[in-house]
Amino acid sequence: MRVALFLTCVNDALYPDTGRAVVTVLERLGVEVDFPIGQTCCGQPQYNTGYRRETEPLVRRMARVFADYDHMVTPSGSCAAMVRDNYPRIGAKARAEGRGTALERAAGEVVPKVYELTEFLVDVLGVTDVGASFPHTVTYHPSCHGLRMLGLGDRPRRLLQAVKGLELVELPGADECCGFGGTFAVKNAAVSTAMGQDKVRNARSTGAEVLCGADNSCLMHLGGLLHRQDEPMRALHIAEILAATEELAVPA
């Protein structure tokens with residue numbers, strides 16, 4: 001099977017190890033991974049800030065760049081949700097404004113291809129044990145987009161529970177937002193920080209070594225709070241845990 005890695009802006013700029021981890025996991029499972037070099041932003045920051053028209057060229061670009069692939073795998077629930085939930089709205093709005101159906105068709109081409117990493121592993125490859133080893137205590141934060149928009153459910157937890165040596169502990173208030181919310185964290189910094197502090201407090205109460213998530217934007221927010229409080233707990237993307245083996249260890 002040949003798939004395209006849809007890395008996303010945040011991972012490309014700040015968390016390249018997450019992208020490498022995705023490739024490691026998929027190749028271990030026999031998947032051939034390409035990285036279309038023409039990929040750029042999915043348009044989520046623009047769209048969430050009210051710049052719908054400025055998002056439209058990015059919809060067209062996504063459809064063009066990933067045209068030759070049946071599957072696009074991304075380690076970001078928020079970007080996957082942007083494509084699957086909002087691209088159809090953008091296309092439909094353009095049609096309703098009398099600007100034709102080309103944008104709607106472009107959205108329709110790309111939407112069915114996009115899979116968040118954990119749903120691709122579980123639903124498409126039919127795998128929960130990816131051969132990982134991570135002998136640490138982990139608590140899992142389900143980000144809002146994955147939890148509410150993609151409906152990832154227990155897929156990430158099933159993958160973590162199959163990791164050799166990993167002890168998964170429950171996170172109190174797991175279904176509560178961490179407070180990041182993209183531009184929300186900029187526009188409402190005080191509220192965002194307070195929500196993040198609540199999440200960090202709950203994570204710290206578990207005694208876990210690692211706070212795991214499937215979206216680095218949320219982990220950036222929480223990891224920053226942990227760092228400022230000199231907490232030993234580390235924020236780590238699930239892909240990096242799944243990529244770890246006894247031979248290829250990832251420090252907690």
Side-chain angles (χ1 to χ4, degrees), residues 1-47 54-92 94 100-128 130-132 143 145-146 149-153 155-156 159 214-217 237-240 242-243:
M1 180 185 292
R2 179 168 166 261
V3 306
L5 172 61
F6 167 32
L7 185 56
T8 79
C9 302
V10 167
N11 290 317
D12 187 37
L14 301 174
Y15 299 99
D17 284 346
T18 296
R20 296 186 187 103
V22 173
V23 174
T24 296
V25 172
L26 292 178
E27 288 185 343
R28 184 190 301 156
L29 297 172
V31 177
E32 180 183 350
V33 185
D34 289 348
F35 180 78
I37 199 66
Q39 62 182 286
T40 57
C41 180
C42 68
Q44 183 178 183
Q46 298 90 327
Y47 187 77
E54 285 76 6
T55 309
E56 293 180 0
L58 297 170
V59 176
R60 298 187 189 95
R61 186 180 186 89
M62 288 279 283
R64 183 174 68 253
V65 169
F66 292 98
D68 295 333
Y69 300 92
D70 293 326
H71 299 99
M72 300 162 54
V73 180
T74 181
S76 170
S78 64
C79 293
M82 169 65 192
V83 173
R84 294 207 322 225
D85 195 65
N86 290 321
Y87 275 22
R89 301 172 191 268
I90 295 169
T101 61
L103 190 63
E104 194 170 33
R105 289 198 304 273
E109 290 168 6
V110 72
V111 165
K113 301 179 180 183
V114 175
Y115 287 87
E116 186 274 337
L117 174 64
T118 66
E119 65 178 349
F120 182 79
L121 292 172
V122 175
D123 295 353
V124 179
L125 298 185
V127 173
T128 52
V130 300
S143 298
H145 287 90
M149 296 179 74
L150 296 180
L152 295 183
R155 294 173 181 85
L159 289 159
D215 225 312
N216 269 329
S217 53
H237 195 283
I238 190 173
E240 296 180 58
L242 298 179

Looking at Leu242 and Ala132, what are the two nearest heavy atoms and their distance? O-CB, 3.2 Å
Nearest atoms (heavy-atom pairs only) where Arg61 meets Gly38: NE-O, 2.8 Å
Can you find a heavy atom in the side chain of Gln44 that is under 4.5 Å from one in the side chain of His145? yes
Close side-chain approach of Met82 to Tyr87, heavy-atom, < 4.5 Å: yes
Under 3.5 Å, is there a donor-acceptor pair between the Thr18 and Glu240 side chains? yes
Looking at CG of Leu5 and CZ of Phe66, how far apart are the two atoms once the value is rounded to the nearest 0.5 Å? 8.0 Å
Are the side chains of Leu121 and Leu29 in touch, meaning some heavy atoms are under 4.5 Å apart? yes
Using a 4.5 Å cut-off on heavy atoms from C-beta on, say whether the side chain of Thr40 contacts that of Leu58. yes
Rounded to the nearest 0.5 Å, what's the gap from CG on Asp17 to CG on Asn11? Could you check? 10.5 Å
Taking every heavy atom of Val130 against every heavy atom of Arg28, the minimum-distance pair comes out as O-NH1, 2.8 Å
Do the non-hydrogen side-chain atoms of Pro36 and Phe6 ever get within less than 4.5 Å of each other? no
Might you work through the side chain to side chain contact (heavy atoms under 4.5 Å, CB included) test for Val83 and Val110, ending with a clear yes or no? CA-CA 8 Å; Val83 173; Val110 72; 4.0 Å; yes
Considering all heavy atoms, the nearest Tyr47-Thr55 contact: N-OG1, 3.4 Å
Val3/Tyr69 under side chain to side chain contact (heavy atoms under 4.5 Å, CB included): CA gap, chis, key distance, verdict: CA-CA 6 Å; Val3 306; Tyr69 300 92; 5.9 Å; no
Taken to the nearest 0.5 Å, the spacing of Arg155 CZ from Glu116 CD works out to 9.0 Å
Between Ser76 and Ser78, is any side-chain donor less than 3.5 angstrom from a side-chain acceptor? yes
Less than 4.5 Å apart, any side-chain heavy atom of Pro75 and any of Tyr15? no
Output the distance between atom OG1 (Thr118) and atom CG (Asp123), rounded to the nearest 0.5 Å. 8.0 Å
Minimum-distance pair of heavy atoms, taken over all atoms of Glu104 and Ala92: OE2-CA, 3.7 Å
The test is side chain to side chain contact (heavy atoms under 4.5 Å, CB included); show your working for Arg60 and Leu103 and say whether it passes. CA-CA 7 Å; Arg60 298 187 189 95; Leu103 190 63; 3.7 Å; yes
State, with a plain yes or no, whether a side-chain heavy atom of Val124 is found less than 4.5 Å away from one of Tyr115. yes
Thr8 and side-chain contact (heavy atoms from CB on, under 4.5 Å): which single residue from Cys42, Cys79, Ser217, Cys41 fits? Cys79
In this structure, CD of Glu32 is separated from CE of Met1 (nearest 0.5 Å) by 11.5 Å
Aromatic rings Phe120 and His71: how do their planes relate, parallel, tilted or perpendicular, breaks at 30° and 60°? perpendicular
Do any N or O atoms from the side chain of Glu54 and from the backbone of Gln46 form a donor-acceptor pair under 3.5 angstrom? no
If every non-hydrogen atom of Ala80 is compared with every non-hydrogen atom of Thr74, which pair is closest and at what distance? CB-CG2, 3.8 Å
Can you pull the salt bridge (Lys or Arg N to Asp or Glu O under 4.0 Å) pairs that have at least one residue in residues 77-91, sequence neighbours excluded? Arg84-Glu119, Asp85-Arg89
Straight-line distance of Leu14 CG to Asn216 CG, nearest 0.5 Å: 8.5 Å
Ionic contact status for Asp34 with Arg2, cut-off 4.0 Å: yes
Note, Lys113 side chain near Asp70 side chain (heavy atom, < 4.5 Å): no
